Amino acid sequence: MDQLGMKINVSREALKYLDDNILLGMGSGTTVEIFIEEMSKVGFKGLRIVPSSRRIDKILREKGYSVVELEDKCDLYIDGADAVDRELRMIKGGGGALTREKIIAYNSLKRIIIVDETKMRENFEGIYLPVEILVFSFKSTMKRIRDLGLNIRLRGQDSPFITDNGNYIVDVLIESKSHLEDISRKIKEIPGVIETGFFKDLADTVLIGKRDGGVEKISKIS
Ligand code: 5RP
């Protein structure tokens with residue numbers, strides 16, 4: 001089965017966790033977009049949904065869903081991820097929506113992450129950690145991140161990528177197996193850094209679409 005098939009299967013599995021009339025937080029990315037497509041085929045038009053990006057906001061409205069602001073806790077959050085380990089730690093932000101995603105995930109009673117098996121990692125060595133930074137001080141902020149001994153690159157080829165919050169993204173290479181949490185904490189301490197894409201304790205269940213057509217579940221809750 002190809003990656004698209006895995007994403008469709010895992011999306012269909014995640015539909016089992018939905019109830020009409022709940023307040024649903026929604027991440028961003030291609031897997032989430034496939035999930036929305038599958039969800040709209042079934043209905044669930046009574047949902048109120050908090051989107052994590054302008055793009056997802058637009059897609060949801062076009063499909064007739066009620067889009068609302070985050071005012072308190074969502075009942076459920078559904079999102080994808082760029083990399084996940086077996087302890088349900090994640091790297092997110094490939095699409096640049098990491099800050100809003102982290103806010104909604106933090107403010108949700110239950111978090112389900114949907115990925116295909118290519119996203120599963122034993123560790124995060126060799127992966128880039130997305131970091132959202134203020135445009136105002138981006139050059140000095142990048143220097144301070146480099147001062148930590150890290151290899152980084154500003155996202156965007158000809159012109160920098162701009163997030164929905166009007167900020168830049170710096171991608172930080174994780175060169176060692178074990179230091180991701182430490183690196184994320186140190187980066188976060190630098191003024192000008194808005195948020196990092198390291199997500200810890202923000203996934204309750206990870207559903208993994210497999211090449212053989214199955215869906216594996218790793219869960220911290222029953
Ligand atoms: C966006 C994200 C996405 O969840 C992540 O990039 C995965 O995207 P995709 O489902 O397209 O692989 O963190 O900020």
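As the structure is a computational prediction, the values presented were derived from the model and not from experiment.
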For [Y], does its backbone N or O pair with a side-chain atom of [X] as donor and acceptor, under 3.5 Å?
| X | Y | result |
| --- | --- | --- |
| Lys92 | Thr196 | no |
| Thr141 | Val193 | no |
| Asn167 | Thr163 | no |
| Lys210 | Met6 | no |
| Arg155 | Gly94 | yes |

(message) My understanding is that a hydrophobic cluster links ILVMFWY residues whose side chain heavy atoms are under 4.5 Å apart, including indirect links. Using that, what else belongs to the cluster containing Leu4?
(response)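 Listed partners: Ile8, Ile34.
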
State which residues pass side chain to side chain contact (heavy atoms under 4.5 Å, CB included) with [X]; sequence neighbours excluded, sorted by chain then number.
| X | answer |
| --- | --- |
| Lys139 | none |
| Glu33 | Arg55, Ile56, Ile59 |
| Tyr128 | Arg153, Asp171, Leu173 |
| Asn123 | Glu125, Lys177 |

(message) Salt bridge or not between Asp57 and Arg54? Use side-chain N to carboxylate O under 4.0 Å.
(response)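 Result for this pair is no, no salt bridge flagged.
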
(message) Between Lys41 and Glu37, does any side-chain N to carboxylate O distance fall below 4.0 Å?
(response)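 So Lys41 does not pair with Glu37 through a salt bridge.
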
Quick one: do [X] and [Y] end up in the same hydrophobic cluster if we chain Ile, Leu, Val, Met, Phe, Trp and Tyr together by side-chain heavy atoms under 4.5 Å apart?
| X | Y | value |
| --- | --- | --- |
| Leu154 | Ile187 | yes |
| Ile36 | Val42 | yes |
| Met142 | Leu129 | yes |
| Leu24 | Ile112 | yes |
| Phe35 | Tyr17 | yes |

How close do [X] and [Y] get, heavy atom to heavy atom, and via which atoms?
| X | Y | answer |
| --- | --- | --- |
| Lys45 | Ser40 | NZ-CB, 4.4 Å |
| Ser53 | Asp164 | CA-OD2, 3.2 Å |
| Leu98 | Gly197 | CD1-N, 3.6 Å |
| Arg121 | Ala83 | CG-CB, 4.0 Å |
| Ile49 | Met39 | CD1-CE, 3.9 Å |
| Met26 | Ile104 | O-CD1, 4.4 Å |

Scan the side chains in residues 198-206 for donor-acceptor partners under 3.5 Å anywhere in the protein, sequence neighbours excluded, and list what turns up.
unit_1, atom_1, unit_2, atom_2, d
Lys200, NZ, Glu181, OE2, 3.0
Asp204, OD1, Arg111, NH2, 3.4
Asp204, OD2, Arg111, N, 2.6
Asp204, OD2, Arg111, NE, 2.8
Thr205, OG1, Ser219, OG, 2.7

Answer whether the closest heavy-atom distance between the side chains of [X] and [Y] falls below 4.5 Å.
| X | Y | answer |
| --- | --- | --- |
| Leu18 | Leu47 | yes |
| Leu109 | Leu76 | no |
| Val215 | Ile208 | no |
| Ile91 | Leu180 | yes |
| Glu195 | Lys188 | yes |
| Leu23 | Val50 | yes |
| Lys119 | Met90 | no |
| Asn9 | Met1 | yes |

Spatial distance of atom [atom1] ([X]) from atom [atom2] ([Y]) [nearest 0.5 Å]:
| X | Y | atom1 | atom2 | value |
| --- | --- | --- | --- | --- |
| Glu132 | Leu134 | CD | CG | 8.5 Å |
| Leu70 | Tyr106 | CG | OH | 12.0 Å |
| Ile78 | Leu207 | CD1 | CG | 8.0 Å |
| Thr99 | Ile169 | OG1 | CD1 | 6.5 Å |
| Glu189 | Leu148 | CD | CG | 9.0 Å |
| Asn165 | Ile194 | CG | CD1 | 7.5 Å |

Could I get the full list of side-chain hydrogen bond (donor to acceptor under 3.5 Å, both in side chains) partners for [X], not counting sequence neighbours?
| X | result |
| --- | --- |
| Lys143 | none |
| Arg211 | Glu117 |
| Ser176 | His179 |

(request) Can you tell me which residue pairs pass the side chain to side chain donor-acceptor pair (under 3.5 Å) test with a partner in residues 64-77, sequence neighbours excluded? (result)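 Only Tyr77-Asp79 qualify under side chain to side chain donor-acceptor pair (under 3.5 Å).
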
(message) Could you work out, with ring pair (Phe, Tyr, Trp, His ring centres under 6.0 Å) as the rule, every residue matching Phe138, not counting sequence neighbours?
(response)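 Result, ring pair (Phe, Tyr, Trp, His ring centres under 6.0 Å) vs Phe138: Tyr168.
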
(message) Show me the pairs that pass salt bridge (charged side-chain N to carboxylate O under 4.0 Å, His left out) and involve residues 2-28, at least two apart or across chains.
(response)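 Found Arg12-Glu38, Glu13-Lys16.
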
(message) Within a 6.0 Å radius of atom CD on Glu122, are there more than 12 heavy atoms belonging to other residues, nucleotides or ligands?
(response)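 Incorrect, the count does not exceed 12.
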
(request) Taking atom CD of Glu62 as the centre, report whether more than 12 heavy atoms of other residues, nucleotides or ligands fall under 6.0 Å from it. (result)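 Atom CD in Glu62 is crowded, with more than 12 foreign heavy atoms closer than 6.0 Å.
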
